[in-house]
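What follows is a single structure, written as structure tokens, with notes after it.
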Amino acid sequence: MSNQNNHTYRKVAIAACFGTFLEWYDFLTFATLAVVFAPLFFPSTDPNTALLASLATFGVGMVVRPIGAALFGSMGDRIGRKPVFMITIVLMGIATVSVGFLPTYAQAGIWAPTLLVALRLLQGLSAGGEIGGSAVYLTEHAGNEYRGFKTSFLQLMGPLGILFSTLQIALLRNYLSPEEFQSWGWRVPFWISIVLLLIAFKARMALEETPVFLGLSKNNSKLENPLISNFRDPQTRKRMFLLFFCISSGGAVLFFCVQVYTAIFLKTSVKLAPEIVDQLSLYSTLCLLPLTVFAGWLSDKVGRKTVVVSGLIFGAVITIPAFNALQYLGSSYQQLSNNENLLLISAILACLSLALALVVGPQTAFLAELFPAKSRNSAATLPHNLAAGWIGGLLPLIVTWLNQQWGTATAGLWYPTIFLASAGLTALFYLPETKKVDLNT
């Protein structure tokens, strides 16, 4: 690739990644603050009921993601990738900033949780168009060489979104009293979104349409109803299922286990201090960043399928033992304040991060490579967001509910374990290798 092309790709990658970072930051700040939201918006005499209501509201935003994917994915195949990017970033930014100005239940009664759910729905719709579509956009700009490595940086935006959000919350907890944080401090991350939105919008205004879509337009090869065409084609339909079940669901399950549920688990079940959990989450995320890029690079060498299958199987094997160990070490730390326990907890979180990285590192390239150019955006975004929304987004709620039903803190983790094992075996036998695919076809 020439220096000019490298410069163009870097420009595209930075703009696309920053916008996706904002989407993830906005979308996942809610998850980070789920424990805080429970008493503010869902007051109850039973703390478990309030937590379940808060997690369910997070899940609602995830459930509608496939609707946004169907709408914006088809638009991306018909009118272009760039216009859809502009719409989704504005919708997400407005919804997130508005959360920061919502009244609490004590101030507005039932209107408070109602408005919160409405804004979560809007966030979910915009995220459905952004997450998945951005993978197609970036991969089509990446060319046919080293796609796994070059596109793996997009997968860093989710962890970086959580990192930025968690860092803010940690600083706010450090400088504010618990009463001040509960009163207004939790709103600050949402207010900051307006600044990030303006930066992302300006960066995206300078983006160019992908060369693949321009080629489709020039040759008049675009489909009028790409989503319907996808379901009518047996090959595309099969690959949409494999993307949904193996790659996207597997990645979503691991992402929410590692990046979302671990923090909730350590705060509520293990009852570690929030400040300690925030520090552990920061460390876990920092470990994930280089591992993800490494996994993308490795997929260029040994193949996407090999790396993804390894991550799924490793995740299935390690999940329950890891959380049992976290519970034991966390409880021991509560009694003895032994810093060695925190080091061991950090090592466990790093192992969980490795499993996640192996699945999501090649994921961006895989999403685009599985499908033909004329239906790629809609074919990739719908199953990807269906997996993230219905499988990954509801995972904290399902796992927490199963734990409460069985009366233990880890019983619900059999759900992601069985899912990962099934996805890994399915991928091993049926998932095609795509690293040498020409994206123009």
Side-chain angles (χ1 to χ4, degrees), residues 25 28-40 47-48 50-51 54-55 58 158-189 254-291 318-356 395-396 399-400 403 408-410 412-413:
Y25 166 79
L28 294 171
T29 293
F30 188 100
T32 311
L33 292 170
V35 176
V36 177
F37 279 170
L40 289 174
N48 287 331
L51 178 59
S54 183
L55 289 173
F58 172 74
L160 283 174
I162 286 187
L163 181 64
F164 189 54
S165 174
T166 305
L167 182 60
Q168 281 188 85
I169 293 167
L171 289 172
L172 288 165
R173 287 187 187 278
N174 186 53
Y175 286 104
L176 299 177
S177 67
E179 293 76 19
E180 288 173 328
F181 183 82
Q182 196 75 5
S183 175
W184 59 268
W186 63 269
R187 299 179 183 272
V188 173
L254 282 167
F255 182 86
F256 283 94
C257 277
V258 177
Q259 289 279 284
V260 178
Y261 186 69
T262 48
I264 295 172
F265 177 80
L266 290 171
K267 288 176 182 177
T268 57
S269 297
V270 181
K271 300 190 185 305
L272 281 180
E275 295 79 8
I276 293 175
V277 175
D278 289 342
Q279 291 171 13
L280 290 169
S281 297
L282 289 174
Y283 168 78
S284 175
T285 301
L286 288 173
C287 283
L288 180 60
L289 302 181
L291 289 173
I318 197 178
T319 297
I320 289 179
F323 275 87
N324 281 328
L326 289 175
Q327 186 177 33
Y328 172 77
L329 292 168
S331 300
S332 299
Y333 176 80
Q334 292 282 71
Q335 298 172 1
L336 304 174
S337 296
N338 188 348
N339 287 330
E340 289 183 5
N341 282 21
L342 291 183
L343 291 176
L344 290 172
I345 289 174
S346 298
I348 293 168
L349 294 177
C351 289
L352 288 169
S353 295
L354 175 60
L356 171 59
L395 184 129
V399 170
T400 302
N403 287 342
T408 69
T410 57
L413 291 169

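Numbering of residues begins at 1 and proceeds along the displayed sequence. These numbers were taken from a predicted model, which means no experiment stands behind them.
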Which atom pair, heavy atoms only, marks the closest approach of [X] to [Y]?
X	Y	value
Asn403	Leu413	OD1-N, 4.5 Å
Gln327	Thr410	OE1-CG2, 4.1 Å
Tyr283	Ala350	OH-CB, 4.3 Å
Val399	Gly412	CG2-O, 3.7 Å
Leu352	Ala322	CD2-CB, 3.9 Å
Gln259	Pro159	OE1-CA, 3.5 Å

Within this structure, what is the [atom1]-[atom2] distance for the pair [X] and [Y], rounded to the nearest 0.5 Å?
X	Y	atom1	atom2	result
Leu176	Leu171	CG	CG	10.0 Å
Ser353	Leu291	OG	CG	7.0 Å
Leu266	Tyr261	CG	OH	10.0 Å
Asn324	Leu329	CG	CG	10.5 Å
Leu326	Leu344	CG	CG	10.5 Å
Ile345	Tyr328	CD1	OH	11.5 Å

* Does a side-chain heavy-atom distance below 4.5 Å link Pro189 with Leu172? -> yes
* Got Cys287 and Leu349 here, is their nearest side-chain heavy-atom distance under 4.5 Å? -> no
* Do any N or O atoms from the side chain of Thr268 and from the backbone of Ile264 form a donor-acceptor pair under 3.5 angstrom? -> yes
* Could you tell me whether the side chain of Thr285 and the main chain of Ser281 form a donor-acceptor pair under 3.5 Å? => yes
* Could you check Glu275 against Asn174 for side-chain contact (heavy atoms from CB on, under 4.5 Å), going step by step and ending with a plain yes or no? => CA-CA 8 Å; Glu275 295 79 8; Asn174 186 53; over 6 Å; no
* Give me the ring orientation class for Phe323 and Phe265: parallel if the planes are under 30° apart, tilted from 30 to 60°, perpendicular past 60°. => perpendicular
